[in-house]
Amino acid sequence: QLQLVESGGGLVQPGGSLSLSCAGSGLALRHYHIGWFRQAPGKEGEFVATITWNGDNTKYADSMKGRATISRDNGKNTVYLQMNSLKLEDTAAYYCAAQSRGPLSSTARGYDSWGQGTQVTVSS
């Protein structure tokens, strides 16, 4: 069974950067597309970015284009999300998720396994 663990969250000032990691265990991440989603208090979850199993294709939410880069190292069984120029509205719990089949999805229901999340707080 695939298990995902996020790390790298924290407190950052507006305009700052953070790099999140999603580490897989139990099964190899190379079999999965991996997506990042986030949820702020009182708001619905939203898609952030996703990457194909081999890293050849990526997709980003409009709100993150130009500010985020998703990448992966299948040898380390890890997917990364680099976020720059962070804004107050980026404050949320960030989750990574694994999609086992089908075309790259930007909707949560397309994903089978989820991590527990890591908190990102953007505040001055």
Side-chain angles (χ1 to χ4, degrees):
Q1 185 175 356
L2 177 65
Q3 294 183 327
L4 301 172
V5 178
E6 303 91 339
S7 62
L11 175 63
V12 63
Q13 291 185 340
S17 299
L18 276 178
S19 180
L20 307 183
S21 297
C22 172
S25 63
L27 294 172
L29 279 188
R30 68 177 182 273
H31 299 300
Y32 301 89
H33 305 327
I34 300 295
W36 285 94
F37 294 79
R38 67 186 183 185
Q39 186 165 23
K43 295 186 178 180
E44 291 188 358
E46 62 176 346
F47 167 72
V48 177
T50 187
I51 187 168
T52 49
W53 66 274
N54 59 0
D56 280 358
N57 193 19
T58 58
K59 187 183 296 185
Y60 296 91
D62 287 344
S63 61
M64 300 305 293
K65 286 179 181 177
R67 300 194 298 124
T69 302
I70 188 171
S71 62
R72 66 191 300 158
D73 184 339
N74 286 339
K76 294 183 178 180
N77 227 30
T78 302
V79 173
Y80 307 96
L81 181 68
Q82 174 69 39
M83 299 187 293
N84 303 316
S85 302
L86 284 164
K87 304 175 181 180
L88 297 176
E89 54 263 40
D90 293 319
T91 295
Y94 283 70
Y95 300 87
C96 64
Q99 179 188 355
S100 60
R101 60 186 63 86
L104 208 56
S105 176
S106 58
T107 59
R109 61 177 176 269
Y111 290 79
D112 308 304
S113 301
W114 292 78
Q116 294 299 306
T118 186
Q119 179 67 35
V120 171
T121 302
V122 184
S123 175
S124 55

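Heavy-atom basis, side chains included; hydrogens, waters and symmetry copies ignored. Just so we're clear, the structure is a prediction, and the values are computed from it rather than from any experiment.
Both Ile70 and Tyr94 sit in one connected hydrophobic cluster of ILVMFWY residues. Membership requires side-chain heavy atoms under 4.5 Å apart, directly or through other members. Hydrophobic clustering, with ILVMFWY side chains joined whenever heavy atoms are under 4.5 angstrom apart, groups Leu86 together with Trp36.
A search for salt bridge (charged side-chain N to carboxylate O under 4.0 Å, His left out) contacts involving Asp62 returns Lys65, not counting sequence neighbours. Residues that satisfy the ring pair (Phe, Tyr, Trp, His ring centres under 6.0 Å) test with Phe37, not counting sequence neighbours, are Phe47, Tyr111, Trp114.
Between the side chains of Thr121 and Ser123, not a single donor N or O lies within less than 3.5 Å of an accepting N or O.
Panel note: side chain Arg30, backbone Asn74; no donor-acceptor pair is recorded below 3.5 Å. Although no hydrogens or angles enter the test, the distance criterion places a donor-acceptor pair under 3.5 Å between the side chain of Arg72 and the main chain of Thr52. Side-chain atoms of Asn77 come within 3.5 Å of backbone atoms of Leu29 as a donor-acceptor pair (strictly under, hydrogens ignored).
Counted within 6.0 Å of CD on Gln116, heavy atoms from surrounding residues, nucleotides or ligands total 12 or fewer; the atom is thus considered open.
Note: Asn57 CG to Ile51 CD1 = 8.5 Å, rounded to the nearest 0.5 Å. Separating the OG atom in Ser63 from the NZ atom in Lys87 is a distance of 8.0 Å, to the nearest 0.5 Å. Residue His31 holds its NE2 atom at 13.0 Å from CG of Asn54, rounded to the nearest 0.5 Å.
Taking the side chain as every heavy atom from C-beta outward, Met83 and Arg67 never approach each other to under 4.5 Å.
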Could you list the donor-acceptor pairs under 3.5 angstrom formed between side-chain atoms of residues 12-23 and any protein atom two or more places apart in sequence or on another chain?
residue : atom : partner : partner atom : Å
Ser17   : OG   : Asn84   : OD1          : 2.9

